[in-house]
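What follows is a set of notes on a single structure, which appears directly below.
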Amino acid sequence: MKSDSPPNSAKTFHVKSFGCQMNVYDGERMAEMLGAEGYVAAADGADADLVVLNTCHIREKAAEKVYSDIGRLKRADGSRPTIAVAGCVAQAEGAEIARRAPTVDVVVGPQAYHRLPDLLARAARGEKAVDLDMPAASKFGALPKRGAGQRPTAFLTVQEGCDKFCTYCVVPYTRGAEISRPFADLIAEARALVAGGAREITLLGQNVNAWDGEDAKGRAIGLDGLIRELAREDGLERIRYTTSHPNDMTDGLIAAHGEVDKLMPFLHLPVQAGSDRILAAMNRSHSSESYLRVIERVRAVRPDIAISGDFIVGFPGESEADFQATLDLIHQTGYAMAYSFKYSRRPGTPAATMDDQISEEVMNDRLQRLQALLNEQQQAFNEASVGSTTRLLLERKGKLDGQLIGKTPWLQSAHVIAPGLAIGDMINVRIVSAGANSVAAAALTEEVA
Ligand code: 5AD
Ligand code: SF4
């Protein structure tokens, strides 16, 4: 037996997460919990005794994918692993999943996965174990404490759920109402992540900037207060947060971008569309003007900030003039990067039954034009950084020998040939060239600001 293979008795597992960073975080917590239960991570996911599919329901394509993924888990010899479906498809479709895909053993929602060991025990007794509870006491207290072996960059979920009810979106139904995790728990988890090797923490929430709580002295604070407290932690060198709603960009959070050195100059602030008529139909409760004003204010305190966003093309009723307003807003903002999607009709959401659904052809055409503009802006942003000096946090190995890949403060992927350096190192570099999705950097011996 090879020394790194698990003992014969230990069951192996593989957690596959799709969709947003919240799912990545949940996937990590499930893996840690399974580890604490005596499971061992499978070297090759295809051979695992247990496969957890941690699913995404945000668009139809993502939601349908789970069924083909389940089908693919059947092995050549006809056997299959124990299959658990977790995440937002589990929450939205529930027991229907096990009916449509009888090989599924466990269905568990995003607020109930701390009960996975119990559900697996029930499945082992031959039951179909389904748990879609959204218990009042949050799952976090029941999960094992975090520890050693963290990557240099870690996620920390501080807030979950959404009360905004944008008319196209399933999140308020799958993730439930907005809740903020308590301050003391977050400080404790951040310390554990840093002690375990993390140097950068990204605070996560569907509406992360709606986080609120009380600090150690009982004073009411918002996300900016949490960021300021975390910035005092030795060993934690970089702080990021995502995803934010424009209406929750408070004065304090904007000010923090100008005052907290560890808060990285990057803001993911989805706008979805540039037409006020469409924004109203989306129930976004902000206008293009108020969005642009937030951007202006953040840039006033942090001129170099990189702005990112999300866009939806082809929302019901979107005219060519509405779409032009989105392109105009993109021109006015200037994005460093962005995500863009064709509108996907989600059953149960108000927009699904709106008149004037847009044809696939029109959506394809608009998405192409939108992405051409966003790609141009991303390339321009990367090119503008060529020649500047900055610091990289090295995160992973690159494709070439001796190559490492890290992130700049502006979240650009930067590759560097740096013999003698290791993942987790923070290094001084000069950006030497730019591509569409990354930049090349050269290591420097002198310190940079
Ligand atoms: N169709 C297309 N895109 C959507 N998003 C959310 N719901 C839908 C939908 N029904 C996008 C939004 C959101 C991102 C996470 O996914 O842009 O910000
Ligand atoms: Fe969905 Fe809107 Fe909530 Fe974002 S703010 S999760 S798009 S409902």
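What you are looking at is a predicted structure, and each value in this text was computed from that prediction instead of being measured. Counting convention: from 1, in listed order, for ligands and their atoms alike. For the single chain, residues carry numbers from 1 onward in sequence order.
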- request: Return the number of protein N, O or S atoms with a distance to atom 3 (Fe) of ligand 2 smaller than 2.8 Å.
  value: 1

field: Contact summary for F13 and A48, nearest pair of heavy atoms
entry: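 Closest heavy-atom pair between F13 and A48: C-CB, 3.8 Å.
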
- prompt: Within a distance of under 4.0 Å, is there any protein heavy atom near atom 1 (Fe) of ligand 2?
  reply: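 Protein heavy atoms within 4.0 Å of atom 1 (Fe) of ligand 2 - there is at least one.
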
Indicate whether any N or O donor in one side chain lies under 3.5 Å from an N or O acceptor in the other, for [X] and [Y].
{"X": "T243", "Y": "Q206", "result": "no"}
{"X": "S180", "Y": "Q159", "result": "no"}
{"X": "N23", "Y": "S17", "result": "no"}
{"X": "Y113", "Y": "D26", "result": "yes"}

- prompt: Quick one: do K139 and E160 make a salt bridge, cutoff under 4.0 Å?
  reply: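 The answer is yes: the pair qualifies as a salt bridge.
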
Numbering as shown, the atoms of ligand 2 that approach Y168 to under 4.0 Å (heavy-atom distance):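 So the answer, numbered in order with elements, is 7 (S).
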
task: Count the heavy atoms of every other residue, nucleotide or ligand shown that sit under 6.0 Å from CZ of F165, and state whether that count exceeds 12.
output: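 Yes, the 6.0 Å shell around CZ holds more than 12 heavy atoms from other groups.
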
query: Under 6.0 Å between the ring centres of Y335 and F311?
result: yes

task: Return the set of residues passing salt bridge (Lys or Arg N to Asp or Glu O under 4.0 Å) with E395 (not counting sequence neighbours), or none when no residue passes.
output: K407

Using a 3.5 Å cut-off and no angle test, enumerate the donor-acceptor pairs between side-chain atoms of residues 81-90 and protein atoms at least two apart in sequence or in another chain.
none

query: Measuring from each atom of ligand 1, which residues have a heavy atom under 4.0 Å away?
result: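 Its neighbours under 4.0 Å (heavy atoms only) are I58, R59, Y168, Q272, D310, I312, F341, K342, Y343, S344, R346, given by chain and number.
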
